[in-house]
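Just below is one structure, and these are the notes that go with it.
In what follows, chains carry the letters A, B, and so on, assigned in the order in which the sequence lines appear, proteins first and then strands, with residues in each chain numbered from 1.
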Protein chains: 2
Amino acid sequence: MLEGKWKLVILFHLFGGRVLRFSELERAIPAISQKMLIQQLRQLESDGIVRRIVHPEVPPRVEYRLTDWGQSLCPALDALLQWAERRPDA
Amino acid sequence: MLEGKWKLVILFHLFGGRVLRFSELERAIPAISQKMLIQQLRQLESDGIVRRIVHPEVPPRVEYRLTDWGQSLCPALDALLQWAERRPDA
DNA sequence: CGGCATCCCAGGTGATACTG
DNA sequence: CAGTATCACCTGGGATGCCG
């Protein structure tokens, strides 16, 4: 599945300040494997784009949200989407 | 080398209406393998972003340039670069 | 010059099972 | 629930050599 695309899919689910649990992301992106989801989230976290919030509870609860910097990526991605929609033919 | 990044590197070399021969691209991007360069150029071509121009000469000459649509990607990528430069810490 | 064919191997992936 | 561990597979990608 060429890894890279998943980061974008995850970002789109988190834009707008949405806070999602791990299992919510799994359900929101059925085509991704658990391993891939964790891997991409960890990379986004170490890139400072996503923040991982662990709630010390039983059962465990882990939430993911964008950092301010990650949220600021939204306009640039919108520019890309608008470009893609202006596609000429096929 | 995770393939994906090379498309961007190629695009940056072609922005501004520059027309480059295959061997010029090879020299401009020393870290890319020939196979990868061809592969990425072909994908960009089939995506309608790059135009491949074969001059029927001996010795052969093949030039690459952006399509109008490819050129219109420049502002969106600039938005991305500006976002990257606004990176907070490390 | 431009680029396709072949060989070959590292490591990326998915499936599965287990844990705090 | 939210992961980690293990393993076997298989494709992506580099290196090399040949062709029009």
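- Nearest to the side-chain atoms of B:Arg21 among the listed nucleotides C:dC1, D:dG13, D:dC1 stands C:dC1.
- For C:dG14, one of the phosphate oxygens OP1 or OP2 lies less than 4.0 angstrom from a side-chain nitrogen or oxygen of A:Ser33.
- Between the P atom of D:dG12 and the NZ atom of B:Lys5 lies a distance of 19 Å, rounded to the nearest Å.
- In this structure, A:Trp83 and B:Trp69 have parallel ring planes: the angle between them is below the 30° cut-off, well short of the 60° mark.
- Toward the 5′ end of DNA chain C lies the nearest nucleotide of B:Ser23, the other residue of the pair B:Lys35 and B:Ser23 mapping further downstream.
- In terms of polar N and O atoms assigned as donor or acceptor, the side chain of B:Gln34 comes within less than 3.5 Å of the base of C:dC4 in a complementary pairing.
- For A:Met36, taking side-chain heavy atoms from C-beta onward, the closest of the listed nucleotides C:dT13, C:dG2, D:dC1 is C:dT13.
- Distances shorter than 4.0 Å separate some side-chain N or O of B:Arg42 from OP1 or OP2 on C:dC4.
- Salt bridge B:Arg27/B:Glu24: absent, no basic N to carboxylate O contact under 4.0 Å.
- Atom CG in A:Leu25 sits about 14 Å away from atom P in D:dC1, given to the nearest Å.
- Residue A:Tyr64 has its side chain nearest to D:dG3 when only D:dG3, C:dG3, D:dA2 are considered.
- Nearest nucleotide to the B:Phe22 side chain, out of C:dC1, C:dG3, C:dG14: C:dG3.
- With a 6.0 Å radius and a threshold of 12 heavy atoms from other residues, nucleotides or ligands, A:Arg61 has its CZ atom above the threshold.
- Nucleotide D:dC1 holds its C1' atom 15 Å from the CG atom of A:Leu41, rounded to whole Å.
- Between B:Glu26 atom CD and C:dG3 atom C1' the separation is 9 Å, expressed in whole Å.
- Among all heavy-atom pairs drawn from A:Gly48 and A:Thr67, the shortest one is O-OG1, 2.7 Å.
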Next on the checklist: Before you tell me yes or no, could you show the steps for B:Leu44 and B:Leu66 under side-chain contact (heavy atoms from CB on, under 4.5 Å), namely the whole-Å CA-CA distance, both residues' side-chain angles and the distance that decides it to 0.1 Å?
Outcome noted: CA-CA 9 Å; B:Leu44 288 169; B:Leu66 294 179; over 6 Å; no
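- Atoms CG (B:Leu20) and C1' (C:dC1) sit 15 Å apart, rounded to a whole Å.
- One can place CG of A:Leu37 at 15 Å from P of D:dC1, the figure rounded to the nearest angstrom.
- Across the protein-nucleic acid pair, A:Glu57 atom CD and D:dG3 atom P stand 14 Å apart, rounded to whole Å.
- Nucleotide C:dG12 holds its C1' atom 15 Å from the CH2 atom of A:Trp6, rounded to whole Å.
- Residue A:Arg61 places none of its side-chain N or O atoms closer than 4.0 Å to OP1 or OP2 of D:dA2.
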